[in-house]
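Each remark here refers to the structure printed beneath this line.
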Amino acid sequence: MPANPKDETETQRSRRLILAAVRAVPRGQVAGYGEIARRAGLPGRARLVARVLSTGDEPGLPWHRVLRSDGRVAFPEGSPGYDEQVQRLRAEGVRIEAGKVRGQRAAATLDEMLWAPPEPKPKASRPAAAAGTRRRR
DNA sequence: ACGATGACAATGC
DNA sequence: TGCATTGCCATCG
């Protein structure tokens, strides 16, 4: 480790800030890449966040709580990383359907996260159960 | 030095 | 919703 914080390069500093931001995401919560970047004081560096996570070191880092801004998992559906992430999130009680988080889009800001609007829209009940949609039992 | 790549995002149609 | 475009920036060949 740098004997002196002064020896730290810009890249290293960014990395450190990003890791801290990711660790700050509470269990059962999710955040977007761009969001993490902003919280880390690096607005516009979503891609950098992705790169840092892709490195995959840092044991114990809750990388699975980081999603795309639209609430979808960043990995291609079906890939090992995808399955892994979905599983971890579900283990924390996060609802996921069709590859995207339900009931809690990656909060754009901490405020939004705290405001936590109850539910965007329960959408009433399914139009239907129209004949033929019955599921097997 | 240069172009391609990538766990992305915001904007426009 | 979906697709294209542009911005970003560290790495890599």
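Lettering of chains follows the sequences in order, A, B, ..., and the numbering in each one begins at 1.
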Can you tell me how far [atom2] of [N] sits from [atom1] of [X], to the nearest Å?
X: A/Leu42; N: B/dC8; atom1: CG; atom2: C1'; result: 14 Å
X: A/Asp70; N: B/dA7; atom1: CG; atom2: C1'; result: 13 Å
X: A/Lys100; N: B/dA7; atom1: NZ; atom2: P; result: 22 Å
X: A/Arg45; N: B/dG6; atom1: CZ; atom2: P; result: 21 Å
X: A/Ile18; N: C/dC9; atom1: CD1; atom2: P; result: 12 Å
X: A/Arg88; N: B/dA7; atom1: CZ; atom2: C1'; result: 14 Å
X: A/Glu10; N: C/dA10; atom1: CD; atom2: P; result: 9 Å
X: A/Gln85; N: B/dC8; atom1: CD; atom2: P; result: 10 Å

Applying a 4.0 Å non-hydrogen cut-off, can you work out what [X] is touching in the nucleic acid: base, sugar-phosphate, or nothing?
X: A/Thr11; result: sugar-phosphate
X: A/Gly34; result: sugar-phosphate
X: A/Arg47; result: base

Q: State, yes or no, whether a side-chain contact exists between A/Glu35 and A/Ser69 at a heavy-atom distance under 4.5 Å.
A: no
Q: Measure the shortest side-chain to side-chain distance between A/Trp63 and A/Gln85 over non-hydrogen atoms and say whether it is less than 4.5 angstrom.
A: yes
Q) When rounded to the nearest Å, what value does the distance between C1' atoms of C/dG13 and B/dA7 take? A) 22 Å
Q: Inspect the surroundings of CD in A/Gln87 and state if more than 12 heavy atoms from other residues, nucleotides or ligands are less than 6.0 Å away.
A: no
Q | For the student: nearest non-hydrogen atoms of A/Ile96 and A/Arg90, plus distance | A | O-NH2, 3.0 Å
Q. Under 4.0 Å between a Lys/Arg side-chain N and an Asp/Glu carboxylate O for A/Glu92 and A/Arg88?
A. no
Q: Give the nucleotide from the list B/dA7, B/dA10, C/dA10 with an atom nearest to the side chain of A/Arg38.
A: B/dA10
**Q.** 5′-ward residue of the pair A/Arg51/A/Ala46 relative to DNA chain C
**A.** A/Ala46
